[in-house]
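Contents: one structure, followed by commentary.
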Amino acid sequence: MAPDQTKASRIARARRFMAEQQLDVLVVGSTDSIASQGNVRFLTGYATVFGVSLALLGPDGDPVLLVPSGSFQKNWAETTAWTTTIKAVPHLAASALETIKEMAAGKVTVGLAGFEDLPGALNLHDAGAPPGMRFVSVSAPFRLMRAVKTSDEIDQMRRSVVLADAALSALPATLQTDSPENALFARAAAELFSEGAEHFFLLGSTGARAPAAVPAARALQPGDLVRFSIEPAGPGGFWTQTIRVFSLGRPSVEIQRAFDLCAAALTQAEGRLRPGATGGEVAQAITRILEQADGARPGPLGHGMGLDLTEPPFLQPEDETRLEPGMVIALHPYLSLGEIVIWMGDTYLVTEGQPQRLSGLPNELVVV
């Protein structure tokens, strides 16, 4: 979809959301964290860099993007954002209030999304809001609205998975005895950049160490188990996640059993990815299988993905978010059994029928 079409589509979705929530103005906030850039990017096309930003949408016209003055944000925003009004301001809260007044007069209901992620000083209530201005939090429903992807957004997420597949396919050539763990990260990063990734987040480990974002200098040894997670954001900024397990040499019987248990949990969870199911129900299906192993310690199980690295639903036993067609979810059962750590996963599209696994790579224990 061309930028102008993306802009029109998202503004229309946001205004439908405003009507449903009975809002006169919508104000969304983002930070430079890859877990909270999505709100502002959804409305403006801009991924916040170094700090915070706000985007405001009124009953008509383009969204207004506010970034802090005295930073490089305005330059970056003018290069990447598709909204036409970008302002660098010394006080975000005060400028947001002035913009709201310009967008809607009289008694105004303002929806706030993402403000829980912003610094505490950015409080519109304390910035001189007039008596007729009422604020309501719409963070949760706004994120849920974004969680249901359009066909164009799903196409972008498919492209993101292709990047992960390419990087994972390149790793076996680096899995050599005495090769340092950080060489895996370097190879994956080089592959992702060369394939066109906009951003990425890597997690990996060898031996008995739990997966981490910071590679170790440890040299690979015969018999090592390698877990590697690749989360790329392709062009357009949509994140996905693919995780594979590699063994340097034939795995032990214990490792193979642990892997098979995780694979069974993944299959069980995949079968639960149907409209109407809750994130908690999917999580419980995974946990029931993993806990069949004596001494099992299940870890993170999965979450939605999109313009943020993690989005609803969150696969935790208490999550009551109901799945809808168009949601994209990373399933990644994690099992720790003493010194054996297995972590595998794929990204899935929820459809009206069977879920679609987006990766083209088989999910198997790769022996190198």
Side-chain angles (χ1 to χ4, degrees), residues 7 10-11 13-15 17-146 237 307-308 311:
K7 173 181 174 180
R10 291 191 185 165
I11 289 176
R13 288 165 65 188
R15 288 215 167 99
F17 173 82
M18 291 169 65
E20 292 167 0
Q21 300 292 321
Q22 298 182 326
L23 306 176
D24 299 299
V25 177
L26 174 65
V27 186
V28 304
S30 284
T31 73
D32 52 15
S33 167
I34 56 179
S36 64
Q37 292 177 322
N39 286 335
V40 167
R41 183 151 195 180
F42 180 86
L43 282 184
T44 69
Y46 173 59
T48 306
V49 183
F50 291 165
V52 301
S53 63
L54 299 179
L56 298 87
L57 183 66
D60 50 49
D62 272 2
V64 175
L65 175 60
L66 302 181
V67 299
S69 58
S71 71
F72 291 104
Q73 281 212 50
K74 191 168 190 290
N75 293 334
W76 288 321
E78 288 174 340
T79 301
T80 60
W82 42 251
T83 193
T84 56
T85 307
I86 303 169
K87 300 178 181 180
V89 298
H91 303 291
L92 285 174
S95 296
L97 289 179
E98 289 303 314
T99 303
I100 293 168
K101 293 174 187 176
E102 294 169 2
M103 289 179 164
K107 291 185 177 180
V108 179
T109 299
V110 181
L112 304 178
F115 273 64
E116 65 279 1
D117 297 324
L118 306 182
L122 215 165
N123 189 327
L124 301 191
H125 299 268
D126 298 334
M133 193 175 290
R134 183 173 74 96
F135 299 98
V136 294
S137 175
V138 294
S139 290
F142 188 70
R143 292 196 86 192
L144 273 178
M145 182 272 288
R146 292 200 294 110
L307 288 173
D308 289 322
E311 294 187 357

Check whether any side-chain heavy atom of Pro141 lies under 4.5 Å from a side-chain heavy atom of Gln21, and answer yes or no.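 Yes, close enough: below the 4.5 Å cut-off.
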
[X]: side chain to side chain contact (heavy atoms under 4.5 Å, CB included) partners, not counting sequence neighbours:
X: Arg146; result: Asn39, Phe42, Phe142, Arg143, Leu307, Asp308, Glu311
X: Leu144; result: Pro312, Thr321, Met327
X: Ala140; result: none
X: Glu20; result: none

Using 0.5 Å steps for rounding, measure from the CE atom of Met133 to the CG atom of Leu97.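 So the CE of Met133 and the CG of Leu97 are separated by 5.5 Å.
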
Could you tell me the separation between the CZ atom of Phe135 and the CG atom of Asn123, rounded to the nearest 0.5 Å?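 It is 8.5 Å, given to the nearest 0.5 Å.
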
Residues in side-chain hydrogen bond (donor to acceptor under 3.5 Å, both in side chains) contact with [X], at least two apart in sequence or another chain:
X: Thr99; value: none
X: Ser36; value: Thr31
X: Arg13; value: Glu153

Applying salt bridge (charged side-chain N to carboxylate O under 4.0 Å, His left out) as the test, list every pair that has at least one member in residues 65-83; sequence neighbours left out.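 Of all non-adjacent pairs touching residues 65-83, those that pass salt bridge (charged side-chain N to carboxylate O under 4.0 Å, His left out) are Lys74-Glu78.
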
Which pairs with one or both residues in residues 36-54 pass salt bridge (charged side-chain N to carboxylate O under 4.0 Å, His left out), sequence neighbours excluded?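 Sorted pair list: Arg41-Glu198.
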
List the atom pairs, donor and acceptor, that lie under 3.5 Å between side-chain atoms in residues 101-119 and the rest of the protein, sequence neighbours left out.
unit_1	atom_1	unit_2	atom_2	d
Lys101	NZ	Glu98	OE2	3.4
Glu116	OE1	Ser139	OG	2.8
Glu116	OE2	Ser139	OG	3.4

Gln37 and Ile34: which non-hydrogen atoms are nearest, and at how many Å?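 Between these two residues, the closest heavy atoms are OE1-CA, 4.0 Å.
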
At their closest point, which heavy atom of Tyr46 faces which heavy atom of Thr80, and how far apart are they?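 Closest approach of Tyr46 to Thr80, heavy atoms only: CD1-OG1, 3.4 Å.
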
I'd like a table of donor-acceptor pairs (distance under 3.5 Å, sequence neighbours excluded) in which one partner is a side-chain atom from residues 50-69, with atom names and distances.
unit_1	atom_1	unit_2	atom_2	d
Ser53	OG	Thr48	OG1	2.7
Asp62	OD1	Lys7	NZ	3.3
Asp62	OD2	Lys7	NZ	2.8
Asp62	OD2	Thr84	OG1	2.7
Ser69	OG	Val89	O	3.3

If a pair satisfies ring-ring contact (aromatic ring centres under 6.0 Å, His included) and one of its residues is in residues 87-112, list it, with sequence neighbours excluded.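 Matches after skipping sequence neighbours: none remain.
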
Side-chain donor or acceptor of Gln73 paired with backbone N/O of Val49 under 3.5 Å: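 The answer is yes, because a donor-acceptor pair under 3.5 Å joins these two groups.
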
